[in-house]
Amino acid sequence: QVQLVESGGGLVQAGGSLRLSCVASGSISSINAMGWYRQAPGNQRELVATITSGGSTSYADSVKGRFTISRDNAKNTVYLQMNSLKPEDTANYYCNANIRTTYWVMRDYWGQGTQVTVSS
């Protein structure tokens, strides 16, 4: 089995910073793309940032220039550095990873989420 565990969420003032971490563990053969999503109450879950196994990144327009996604393959970990936080960034943040466990099984896995709250 595979599990993803997020950490690093919390309460921060507007303009502040947080770094989220997500560690994948279990019967992992390889990890392909990884990403961060977020969902606020009453809203749809939206893509925040992704990173490929080769390190190529992409970001939602709303976070470009403020957030940075990175990964440490040796630790099976993906990070999201969030700077210049705004109240509209408030949401539950979820880690996602496309993981191959066996030759014939490859699927997306999700973490349980970590809450980020940005005050005015």
Side-chain angles (χ1 to χ4, degrees):
Q1 62 272 22
V2 173
Q3 70 171 8
L4 274 58
V5 179
E6 302 101 330
S7 62
L11 175 64
V12 65
Q13 288 185 307
S17 298
L18 286 173
R19 189 183 75 158
L20 306 184
S21 299
C22 172
V23 180
S25 62
S27 301
I28 298 171
S29 178
S30 62
I31 301 178
N32 304 123
M34 306 183 80
W36 288 94
Y37 294 72
R38 67 186 182 187
Q39 186 170 25
N43 290 358
Q44 301 175 34
R45 185 171 298 187
E46 65 174 345
L47 178 65
V48 176
T50 62
I51 183 167
T52 69
S53 60
S56 297
T57 60
S58 64
Y59 299 91
D61 288 341
S62 60
V63 307
K64 286 181 179 177
R66 300 188 298 119
F67 291 11
T68 302
I69 188 171
S70 61
R71 63 192 288 170
D72 186 335
N73 292 329
K75 298 180 179 179
N76 289 337
T77 300
V78 62
Y79 305 95
L80 185 68
Q81 179 66 47
M82 305 185 294
N83 299 325
S84 302
L85 283 162
K86 304 175 181 179
E88 50 263 46
D89 295 319
T90 295
N92 202 7
Y93 283 70
Y94 296 89
C95 175
N96 175 80
N98 184 258
I99 297 175
R100 183 182 298 279
T101 54
T102 67
Y103 175 81
W104 59 93
V105 178
M106 182 175 68
R107 55 156 287 190
D108 279 7
Y109 293 85
W110 292 89
Q112 82 291 343
T114 185
Q115 180 67 36
V116 172
T117 302
V118 184
S119 62
S120 300

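Just so it is clear, the values below take in all heavy atoms, side chains as well, and ignore hydrogens, waters and symmetry mates.
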Q.
Within the 3.5 Å criterion, strictly below it, is a donor on Thr50 or Ser58 matched to an acceptor on the partner's side chain?
A. yes
**Q.** Distance (rounded to the nearest 0.5 Å) between Asn98 CG and Met34 CE
**A.** 10.0 Å
(Q) Restricting to non-hydrogen atoms, name the atom on Leu85 and the atom on Arg66 that form the minimum distance, rounded to 0.1 Å. (A) CA-NH1, 3.9 Å
Q | Between OH on residue Tyr94 and CG on residue Leu4, distance to nearest 0.5 Å | A | 13.5 Å
Q) Taking it one step at a time, do Asp61 and Lys64 satisfy salt bridge (charged side-chain N to carboxylate O under 4.0 Å, His left out)? A) CA-CA 5 Å; Asp61 288 341; Lys64 286 181 179 177; 3.1 Å; yes
**Q.** Minimum side-chain heavy-atom gap Arg38-Thr90 below 4.5 Å
**A.** no
Q) For the side chain of Gln81 and the backbone of Thr68, is there at least one donor-acceptor N/O pair under 3.5 Å apart? A) no
Q: Examine distances only and state if a side-chain atom of Arg100 and a backbone atom of Ser29 form a donor-acceptor pair shorter than 3.5 Å.
A: no
Q) Which value, rounded to the nearest 0.5 Å, describes the distance between Arg71 atom CZ and Ser53 atom OG? A) 6.0 Å
Q) Do Trp110 and Leu47 share a hydrophobic cluster (ILVMFWY, side-chain heavy atoms under 4.5 Å, transitive)? A) yes
Q. Quick one: does Met82's side chain get under 4.5 Å of Val12's, heavy atoms only?
A. no
Q.
For Asp89 versus Ser84, what's the shortest heavy-atom pair and its separation?
A. OD2-O, 4.5 Å
(Q) Would you say Tyr103 ends up clustered with Met106 if hydrophobic residues are merged whenever their side chains have heavy atoms under 4.5 Å apart, either directly or through other cluster members? (A) no
Q. Would Tyr59 and Val118 show up in the same hydrophobic cluster when neighbours are defined by side-chain heavy atoms closer than 4.5 Å?
A. yes
Q: Measure the CD1-OG1 distance between Ile69 and Thr57 for me, rounded to the nearest 0.5 Å.
A: 8.0 Å
Q: Check the side chains of Asn83 and Ser17 for a donor-acceptor pair under 3.5 angstrom, ignoring hydrogens and angles.
A: yes
Q: Using modelled atom types only, decide if a donor and an acceptor are shared between the side chain of Thr114 and the backbone of Tyr93 within a distance under 3.5 Å.
A: no
(Q) I want to check something: taking the side chain as every heavy atom from C-beta on, are Trp36 and Glu6 in contact at a cut-off of under 4.5 Å? (A) yes
(Q) Taking atom CD as the centre, does Glu88 end up with more than 12 heavy-atom neighbours from other residues, nucleotides or ligands that are less than 6.0 angstrom away? (A) yes
Q. Can you name the nearest heavy-atom pair linking Pro87 to Ser120, along with the distance?
A. CG-OG, 3.8 Å
Q: Could you state whether Val48 and Ile51 fall into the same hydrophobic cluster, counting links through intermediate Ile, Leu, Val, Met, Phe, Trp or Tyr residues with side-chain heavy atoms under 4.5 angstrom apart?
A: yes
Q.
Rounded at 0.5 Å granularity, tell me how far CG in Asn43 sits from CG in Asn92.
A. 12.5 Å
Q: Answer with yes or no whether the hydrophobic clustering places Tyr79 together with Leu18; edges join I, L, V, M, F, W, Y residues whose side-chain heavy atoms lie under 4.5 Å apart.
A: no
Q. How long is the span from the OG atom in Ser62 to the CZ atom in Phe67, to the nearest 0.5 Å?
A. 7.5 Å
Q: Determine whether Ile31 and Val78 make a side-chain contact, defined as any pair of heavy atoms from C-beta on separated by less than 4.5 Å.
A: no
